[in-house]
Structures are given as structure tokens and as C-alpha cells.
Amino acid sequence: MTPADTGASTTVDAAASVSATDTPGAPGSPDSRMAPGGPGYRRMSLALFLAGVATFALLYSTQALLPLISGDMGVSASDASWTVAAATGGLAVFVLPMSVLSERFGRRTVMTASLAVAVTVGLLVPFAPSLPALVALRAVQGAALAGLPASATAYLAEEVRPRALVTAIGLFVAGNSVGGMSGRVITGWVAQEWGWRVAVGVIGLVAVACAVAFRMLLPAPRHFTPGSLRPRVLVRTVRDHLANPLLRRLYAIGALFMTVFGGVYTVIGYRLAEAPFSLPQGLIGSIFLVYLVGTVSASTAGRLVGRLGRRGALYLGGGTTAAGLLLSLAPSLPLVLLGLVLITAGFFAGHAVASSAVGKTAQHGRAQASALYQSAYYVGSSAGSTVGAVAFHSGGWAGTVGVGLLAVLGVVAITVLGSLAARRQAPDRPVRSLSLSR
């Protein structure tokens, strides 16, 4: 299937022929896609950064508030965790169908519609009368947000030059980290004064502002070709992606990294609210300022891959995450905070490396390739939130850490298997730079 059949852009290798003297993004150049310093690049970066902020602020708006939701509604930690798992689960289920719509109707159109629905639901969440109603609204919100991640990655793959793709996706992921951080910090302090309902309402208003700015800033796509809505085309495209061993490994890596992250940040509020820490809600929300570390690590993922290769970057991300998990076991608040810093840095670096590799590896149906990655990623988030809460209920923080360490071990094992597979290919044909063997 050719790129024109699915709306994908030209192949990554085609960029190698672009002269260094070409004006970035100039219509008359051999490659008219956007690049740093070229027309529209800054507007595009800011627009998708704001989309990432809105997505993660809404998606995880209840995570820092789980102890308050538990107390207000009289439910356990594992029950309250469903307000997070329902949102990420809804996103995981609907991300592939949304990617199909983006292939037919355009990335910008689908992202705009998704944000509009998500922020509308966000304004209804504070009025949920019961936990089942709250979980249902969060599931709808997650399903609406499904139009953002895969469409944004596909938009970047089509509109940005391949050499700048890792950096551009890193900025989008950085927006995710800022959204996750600001959402949790704001809700923590607002909830301490006025309760969790007012806190999630404030996040809804912030997301409205981000959605409006996103639509005004994002440049119209110039390299999108509408694809087909025929089921056979979708099935063939998905089958092709799942038949690619490298893509399967990247999907598994994204899911496992997110299992760690989802479990840790769903449970950490409960741990810090208990002895020996006994922190108030505002300070618990402020703990999420460590997301700034994720902003830095995600935005520098391109340089990290340039120095260490993808395999080295994934090992470093996994090792950093594991070290953070172990440090977080200490009964010392400074060591717990240092552990969260390392977990956050390792996760966002690994996620940026894996998600950018998906965009480069897929030669057609990039929206579907990205959607499959996002689906696996958010399945990992739902699993981590639920299993991490259950492990905390039965074994305390050590149980949650144990789940995280198993997931990191899985990342390392998959990366090793990818390297061995690439070496077996070497006698037959050169290993491309997209392989995890680098």
C-alpha cells in the first residue's frame, strides 16, 4: 500500500536527499515539510504543546485527588483508581477508531473535535453525583481524548522533516508532562481549599483555553492525503503493523513504561497522605512538580538517541526508572522525591524514544501505527493504575514498587531480544538505523 493510499507522507529515507542549503519548509524546496527555523514550525510546536497540556491535564485530573474522592464518596483506593483507569481505558479502546477518522477527515479536524468534546465533558465531571457516574464521565472523556495522541504523531510525521521528528515529538510529549504536572499541582491546592469538585472544574476551564489556542495556532496540513474508511483497508493496515516485529516491540515497551508510571502516580498520593509523611493535599499535589524533569528528558530525547542509539537510550530510561523505584522505598521524604524524579525522567525519555521510532518505522498508515502504540501505552496506564492500587492495598508501597520493577525488567528483556534479532539479520542485510540494535 502506497503512502497516497493511506494519507501517509513520503518515506523517512527520502529526506536523505535534501540539500543542507534548502530553506526549511519552503514550498519550492525538495522537501517542503516544516523544520526548526522554517515557516510555521514555532506555531505548530506551540499548538501541539498546548494540545498535550490539555490532554494530560484532563486525562489525569482526578489522579492527585484520589484520597479526597475516597473520603468524599466512602470508597477504597482501588475503587477510586477507576476514575483514572476508566479515562485511560476509554482512550486505549477508541484511539484506533479515531485514527481511522483522522486518515479520512484530517488530523487537525479530528484533534479539534476531540478536544471540544473532552473539554465539554470536563465541565460536567464536577457535578457527578456518584462514583459510577464519575467513572462513566471519565470513560467518555478518555474516549474523546483518543483523537489527540495518534493524530498528533501522524501530523508531525507528515508535516515535519524526518531529521527534526524526534525533537518535535519530544516537544509534544513535553506538553504532556506539563499538562500532567500542572493539572495535579493546581487540583491539589484548589482541592485543599474548596474540594475536589471545584478542582476538576478549574482544570476543565484551563483545558478550554488550551483548546481554543490550539485551534488558532495549528497550521493547516500541507502533506495530508485523505485515506479510505473501508474496513478491509484498516484491517490490512493494522495487520501489516502487527506483523512488523520492531513495531510490536515498541508497542510492548510503551505499555510497560506506562505500567510503571500509571501505578506510581496513582498510588503516591495515598502513600504521602499516610504516616510517616502525613502531607496535606496541597503539598501532595505539589509533588507533581517533578513532571518538569519529564519535560526536559522528553525534549532532549533526540540528542540522547544521537549519542547512545535507541538501544542505549532505552536501557538508560529503564535503568533510571528502576533506580527511582528502589529509592522511593526509603522512609525519607527527600529520597522519595529523588526517586520520583528518576522515575519521571526515565519514563518520559523512554516514551519519547519509543513513540518517535514508531512514526519513523511505519511506511504507511502512520496514524494506525501510532494509534496501536497509544492503545498499548494507555492499556499499560490502566493496568498500572489498577494493579498498582491493588498491590498497594495488599502489600503497601513495596507492592507497587514490585509491579514497577517487573515492568522495567520487561522493557530491558524486549530491548535485548530486539538487539539479538537485529544481529541475526546482519549477515543478510544491513540493520537500519531504526532498529533497536543502535
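Basis for what follows: all heavy atoms, side chains included, without hydrogens, waters or symmetry-related copies.
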With the side chain counted from C-beta on, respond yes when [X] and [Y] share a heavy-atom pair under 4.5 Å apart, and no when they do not.
X    : Y    : result
L48  : M111 : yes
M44  : L156 : yes
S114 : L148 : yes
L247 : L242 : no
W194 : V202 : no
Y315 : V416 : yes
P219 : Y155 : yes
L246 : R249 : yes

Specify the closest pair of heavy atoms between [X] and [Y], including all atoms of both residues, with the distance to one decimal.
X    : Y    : value
S328 : W397 : OG-NE1, 3.0 Å
G324 : L342 : CA-CB, 3.7 Å
L308 : L316 : CD1-CD2, 3.8 Å
L256 : G410 : CD1-C, 3.6 Å
A330 : L335 : CB-CD1, 3.6 Å
L218 : R108 : O-NH1, 3.0 Å

Between Y377 and S355, do the side chains contain an N or O donor and an N or O acceptor separated by less than 3.5 Å? no

Passing candidate, side chain to side chain contact (heavy atoms under 4.5 Å, CB included) with V119, options V206, L145, I203, V208: V208

Using the rule side chain to side chain contact (heavy atoms under 4.5 Å, CB included), only one of V84, T344, V260 pairs with Y265; which is it? T344

[X] [atom1] to [Y] [atom2] distance, which is reported to the nearest 0.5 Å:
X    : Y    : atom1 : atom2 : answer
L333 : L338 : CG    : CG    : 11.5 Å
L340 : L327 : CG    : CG    : 10.0 Å
L405 : L329 : CG    : CG    : 7.5 Å
L325 : L406 : CG    : CG    : 10.5 Å
L101 : T109 : CG    : OG1   : 11.0 Å
M73  : D79  : CE    : CG    : 11.5 Å

List for me each residue that meets side-chain hydrogen bond (donor to acceptor under 3.5 Å, both in side chains) alongside T320, sequence neighbours excluded, and say none if there are none. none

Tell me, please, which residues at least two apart from W196 pass side-chain hydrogen bond (donor to acceptor under 3.5 Å, both in side chains). D72

Can you check side-chain contact (heavy atoms from CB on, under 4.5 Å) on T187 and Q281, steps first, answer last? CA-CA 9 Å; T187 56; Q281 186 63 43; over 6 Å; no

Flag if over 12 foreign heavy atoms under 6.0 Å of CZ, R43: yes

F127 atom CZ: more than 12 heavy-atom contacts under 6.0 Å: no

Using 4.0 Å as the upper bound for N to carboxylate O, is an ion pair formed by E158 and R107? yes

Would you be so kind as to tabulate the donor-acceptor pairs closer than 3.5 Å made by side chains of residues 383-392, with sequence neighbours excluded?
from : atom 1 : to   : atom 2 : distance (Å)
S385 : OG     : T266 : OG1    : 3.1
S385 : OG     : S381 : O      : 2.9
T386 : OG1    : S382 : O      : 3.0

Would V95 and Y373 satisfy side-chain contact (heavy atoms from CB on, under 4.5 Å), going step by step from the backbone distance to the final call? CA-CA 9 Å; V95 67; Y373 175 84; over 6 Å; no

Any donor and acceptor pair, going by atom type alone, linking the side chain of [X] with main-chain N or O of [Y] inside 3.5 Å?
X    : Y    : value
E159 : R222 : yes
R138 : L59  : yes
S375 : A371 : no

For W189 and L283, what are the C-alpha separation, side-chain angles and deciding distance, and is it a side-chain contact (heavy atoms from CB on, under 4.5 Å)? CA-CA 8 Å; W189 286 105; L283 286 179; 4.2 Å; yes

By ring pair (Phe, Tyr, Trp, His ring centres under 6.0 Å) - contacts of F257 (at least two apart): none

Which residues satisfy the ring pair (Phe, Tyr, Trp, His ring centres under 6.0 Å) test with F56, sequence neighbours excluded? Y60

Begin from the C-alpha positions of R271 and V336 and carry the test side-chain contact (heavy atoms from CB on, under 4.5 Å) through to its verdict. CA-CA 10 Å; R271 188 190 184 207; V336 171; 3.3 Å; yes

Which ring-ring contact (aromatic ring centres under 6.0 Å, His included) pairs, counting each pair once, include a residue from residues 326-350, with sequence neighbours left out? F261-F347, F261-F348, Y291-F348, F347-H351

